[in-house]
Amino acid sequence: MFKREMKINFKSFLIWTLILIILFLVVFLMYPSIMNSENIQMMNEMLKVFPEEMLKAFNMDISNIDTAFGWLKTEGFVFVLLITGIYSGILGSNILLKEENDKTIEYLNSLPVTRKNIVISKILSSVIYIMLMILILGLFNFIGLSIIEDFDKKLFVLLSITPLFSSLVIFALCLLISTFTHKTRKTLGISLVIVFVSYFLQIISEMSETTEFLKYISIFTLADIRNVITDITINPIMILLTIILFVLFTIMTIIHYNEKELI
Amino acid sequence: MKKNSIIEIKNLTKYYGKIKGVKNLNLELKEGEIFGFIGPNGAGKSTTIRSIMNLINKTEGCVLIDGMEFNKDDVSVKEKIGYLPSEINLYDDFTVKEMLDYHESFYKKDIHKKRTELVEKLNLDEKKKIEDLSLGNLKKLGIVLALMHQPKILILDEPTSGLDPIMQNIFYDILKEEKKKGTTILYSTHILSEISKICDRVGIIKDGNLIKIEKIDEIIKNNLVFVTITSNEVNKIIDDLKIEIISKENNTIKFKNKSSHCELIKQLASYEIEKILIEEPTLEDIFLHYYEGEE
């Protein structure tokens, strides 16, 4: 069953990974020419005009965008967070529900396999693909950056790992939500809302102290890019929180899926 | 020797919100019997079957398999069951071969020999992709999947829909062989002629209630054969033969035949008969008969 899960989810994994790789490829091809031009000066001047809150929201107060790594730290990782988040959300919404939508669940349910094992096989293959996406992208960016400039390798590795936390929790949450409905369309919508609302809350929370509390309800707080850039370390609390949330959602999924009417 | 109960359905009740699916259904299937489960669409056949298979949650009641309650995660019980749903939905990206390999991978025992035997009997092309299969071929694949692990119990929901008459006969032969081996079969259908061909007993379900369980021989014995005669002498026939007519229209009468066919034909030979039709009862006739009985 696990092998089948890997096989059927490979295509979407490939497409999403390619989207990210193409995006970064364009950046790596463009950056050397931007850096050599006078535009960068102009751009930095222009950024000074922006309010501080705005720059904070995009981590531009702690990083310049005059290098490719600088861009990665500000906007680049935001894309990675969003795209891996969306991919994980779609995967979570779809992976169990697909069997119900395609009505293949009637066959799968008749096989000598427990519902718990069905859920675990699907989670396992999804987690592997999410990790693989982040790993491949990290490697690609590492190679790309190495070719065009010098950069802080430790910071890069830490930053590359951070999307894993938010993605895993988004996946597990969407999977749990999917056990409450029979239609993929509904959960797909909800998963996208979760990702974008989380991202929006994260941006607002960083703008000022009065809105800071919002970060506690954003899944992207787990990725914690800002603190990783300033402290060059991953906050162990975020790792712990990710594990706790992931395990909690997984257990709730298994329990609720066991009670679910599958048809 | 008294045969053991393989499937026992006890007080099965299923409500979808306030809508009744089945109510207080009790049924016992003995080892090696083919039990026909008959009723019109929406009567509760599929609800019963889906409750047995734990696809849906029972509002009340339980299902015992081999004397043990069958719960969702009883893998060892699931191994004993072969299930053919009324609508077969399989993985479209697979070929028939891949689908059968996938099915094999779930069973510890070697089931390859049985698979080959069934594929040959049903003339199934393993190279075809599932998305390209016709309804009939999809049904054949469903049959192979339900039978290849040699289950002790077969649950078949309208198994012959989509099969051509030749394939239907091959399928009946397969079921008869399974019966000989002691396999118990729950055979759900709305086609009465199928039931009389292969079933030992029949349960009639309507509006979620199992209204009657009867042996097939009993149904046949119960005069459930209808005769329609068109003749100028219908009134004379009614008087002489003392038949209770169901309907009369001009020179045509319809009645339940209470004697043997042979005797009836002998009696009718002395009259001038324009048209005679001896027919099996339709599902409606059967229901009507049993409703009258109930009342």
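So you know, we letter chains A, B, ... as the sequences are listed, proteins then strands, and number each from 1. Every value quoted in this text rests on a predicted model; they were computed, and no experiment measured them.
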Quick check - list every chain B-chain A donor-acceptor pair under 3.5 angstrom, one line each.
| residue | atom | partner | partner atom | Å |
| --- | --- | --- | --- | --- |
| Lys14(B) | NZ | Glu261(A) | OE1 | 3.4 |
| Lys14(B) | NZ | Glu261(A) | OE2 | 2.6 |
| Met53(B) | O | Asn109(A) | ND2 | 2.9 |
| Asn54(B) | O | Arg115(A) | NH2 | 2.7 |
| Leu55(B) | O | Leu262(A) | N | 2.8 |
| Asn57(B) | N | Glu261(A) | OE2 | 2.8 |
| Asn57(B) | ND2 | Glu259(A) | O | 2.6 |
| Lys72(B) | NZ | Asn258(A) | O | 2.7 |
| Asp73(B) | OD1 | Arg115(A) | N | 3.2 |
| Lys78(B) | NZ | Asn109(A) | O | 2.8 |
| Lys78(B) | NZ | Leu111(A) | O | 3.4 |
| Lys78(B) | NZ | Val113(A) | O | 2.9 |
| Tyr83(B) | OH | Glu106(A) | OE2 | 2.6 |
| Tyr91(B) | OH | Glu99(A) | OE1 | 2.9 |
| Tyr91(B) | OH | Glu99(A) | OE2 | 3.4 |
| Asp93(B) | OD1 | Arg4(A) | NH2 | 3.3 |
| Asp93(B) | OD2 | Arg4(A) | NH1 | 3.1 |
| His103(B) | ND1 | Tyr107(A) | OH | 2.6 |

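- Comparing Leu145(B), Leu55(B), Leu90(B) by how many heavy-atom pairs each has under 4.5 Å with chain A, the most go to Leu55(B).
- Using a 4.5 Å cut-off between heavy atoms, Ile155(B) does not touch chain A at all.
- Counting non-hydrogen atoms of other residues, nucleotides and ligands closer than 6.0 Å to NZ of Lys181(B) gives a total above 12.
- Counting only residues at least two apart or in different chains, salt bridge (charged side-chain N to carboxylate O under 4.0 Å, His left out) contacts with residues 138-148 of chain A are absent.
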